[in-house]
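Here the structure is a predicted model, which is why all the values come from computation and not from measurement.
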Amino acid sequence: PFVLWNKTMSPGEVQSKLSRYVRGIGSLYDLKVKQRGYSRRAMELEIIGSNGTKYLKGGKIRSALRLNEQLFVLNKRYTGTTATSYSFTGRGWGHGVGMCQYGAFGLAKMGVKFDAIIKHYYTGVDLTKAY
């Protein structure tokens, strides 16, 4: 439950959430992931509304839609040519940088030492004793 998640919303719910971050959408016609980053996280959403096309970028995507993570696939259910629901299926629970607590815990349970776990998540670092 902490790794894989799914959130389904009606077009009205999506429009309501997005309108807090993007002004002047009008009626929501469609929603597309316009750009993905190196880690395959959504970096830009294209919002097609009755008032034209708008964009939402970066961390605002996760905040606006109240998603667990920006690593998601967007699926739409249609009746005719009209989207009746938007389903966000994702993996992860965070911002996409840093250490996954569940992954680190799993490595520790397998017997991996703390320094190897840290170097797994933060490549190119050196650990030194500070006291």
Side-chain angles (χ1 to χ4, degrees):
F2 298 109
V3 178
L4 302 176
W5 52 268
N6 185 10
K7 189 169 192 176
T8 301
M9 294 182 254
S10 70
E13 288 175 289
V14 172
Q15 179 182 334
S16 176
K17 290 175 190 288
L18 290 174
S19 67
R20 296 178 185 167
Y21 286 76
V22 180
R23 300 272 183 232
I25 295 170
S27 297
L28 180 66
Y29 291 156
D30 201 4
L31 183 66
K32 300 176 185 176
V33 176
K34 180 77 172 165
Q35 181 183 6
R36 292 190 180 273
Y38 174 76
S39 64
R40 305 302 300 149
R41 284 170 173 75
M43 296 305 295
E44 183 175 19
L45 280 184
E46 182 177 57
I47 306 158
I48 303 164
S50 58
N51 292 338
T53 302
K54 309 285 183 178
Y55 298 92
L56 186 63
K57 297 181 179 185
K60 292 180 182 178
I61 296 168
R62 176 183 177 203
S63 298
L65 294 170
R66 296 188 182 109
L67 300 175
N68 298 345
E69 162 71 81
Q70 279 180 229
L71 183 60
F72 64 82
V73 174
L74 172 60
N75 291 302
K76 301 172 231 178
R77 177 166 282 174
Y78 289 91
T79 299
T81 59
T82 304
T84 56
S85 70
Y86 294 91
S87 182
F88 301 87
T89 304
R91 192 181 102 212
W93 196 292
H95 40 69
V97 295
M99 184 183 301
C100 172
Q101 294 177 32
Y102 296 101
F105 178 70
L107 290 171
K109 282 180 67 172
M110 292 177 0
V112 178
K113 300 295 182 200
F114 77 93
D115 54 340
I117 294 171
I118 291 171
K119 288 181 179 184
H120 171 77
Y121 286 101
Y122 302 101
T123 57
V125 300
D126 291 318
L127 299 176
T128 57
K129 195 169 186 176
Y131 57 91

Please report, to 0.1 Å, the donor-acceptor pairs under 3.5 Å made by any side chain of residues 123-131, with sequence neighbours excluded.
none

Approximate separation, where rounding is to 0.5 Å, of [X] [atom1] and [Y] [atom2]:
{"X": "Ile61", "Y": "Arg41", "atom1": "CD1", "atom2": "CZ", "answer": "12.0 Å"}
{"X": "Arg66", "Y": "Arg20", "atom1": "CZ", "atom2": "CZ", "answer": "4.5 Å"}
{"X": "Met110", "Y": "Phe105", "atom1": "CE", "atom2": "CZ", "answer": "12.0 Å"}
{"X": "Arg23", "Y": "Ile25", "atom1": "CZ", "atom2": "CD1", "answer": "10.0 Å"}
{"X": "Trp5", "Y": "Phe88", "atom1": "CH2", "atom2": "CZ", "answer": "8.0 Å"}

By side chain to side chain contact (heavy atoms under 4.5 Å, CB included), which residues pair with [X], not counting sequence neighbours?
{"X": "Glu46", "result": "Lys32, Lys34, Ile48, Thr53, Tyr55"}
{"X": "Ser27", "result": "Tyr29, Ser50"}
{"X": "Arg77", "result": "Thr84, Ser85"}

With clusters defined by side-chain heavy atoms of hydrophobic residues (ILVMFWY) lying less than 4.5 Å apart, directly or transitively, does [Y] cluster with [X]?
{"X": "Val33", "Y": "Ile47", "value": "yes"}
{"X": "Leu31", "Y": "Val73", "value": "no"}
{"X": "Tyr21", "Y": "Met43", "value": "no"}

With side chains defined as the heavy atoms from C-beta onward, is the minimum distance between Tyr121 and Leu107 less than 4.5 Å?
yes
Taking the side chain as every heavy atom from C-beta outward, state whether Leu45 and Leu65 have any atom pair closer than 4.5 Å.
yes
Run the side chain to side chain contact (heavy atoms under 4.5 Å, CB included) check on Lys57 and Gln35 step by step: do they pass?
CA-CA 9 Å; Lys57 297 181 179 185; Gln35 181 183 6; over 6 Å; no
Could you tell me whether a side-chain N or O of [X] sits under 3.5 Å from a main-chain N or O of [Y], the two making a donor and an acceptor?
{"X": "Lys60", "Y": "Val22", "value": "no"}
{"X": "Ser16", "Y": "Gly12", "value": "no"}
{"X": "Gln70", "Y": "Ala42", "value": "yes"}

What heavy-atom pair brings [X] and [Y] nearest, and what distance separates the two atoms?
{"X": "Leu67", "Y": "Lys7", "answer": "CD2-CD, 4.0 Å"}
{"X": "Leu56", "Y": "Ala64", "answer": "CD2-CB, 3.7 Å"}
{"X": "Arg40", "Y": "Leu71", "answer": "O-CD1, 3.6 Å"}

Evaluate whether atom CZ of Arg91 has more than 12 neighbouring non-hydrogen atoms of other residues, nucleotides or ligands under 6.0 angstrom away.
no
Would you say OH of Tyr78 has more than 12 non-hydrogen atoms from neighbouring residues, nucleotides or ligands within 6.0 angstrom?
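Yes.
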Could I get the full list of side-chain hydrogen bond (donor to acceptor under 3.5 Å, both in side chains) partners for Ser87, not counting sequence neighbours?
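Applying side-chain hydrogen bond (donor to acceptor under 3.5 Å, both in side chains) to Ser87 gives Asn6, Thr8.
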Which residues satisfy the salt bridge (charged side-chain N to carboxylate O under 4.0 Å, His left out) test with Lys76, sequence neighbours excluded?
Asp30
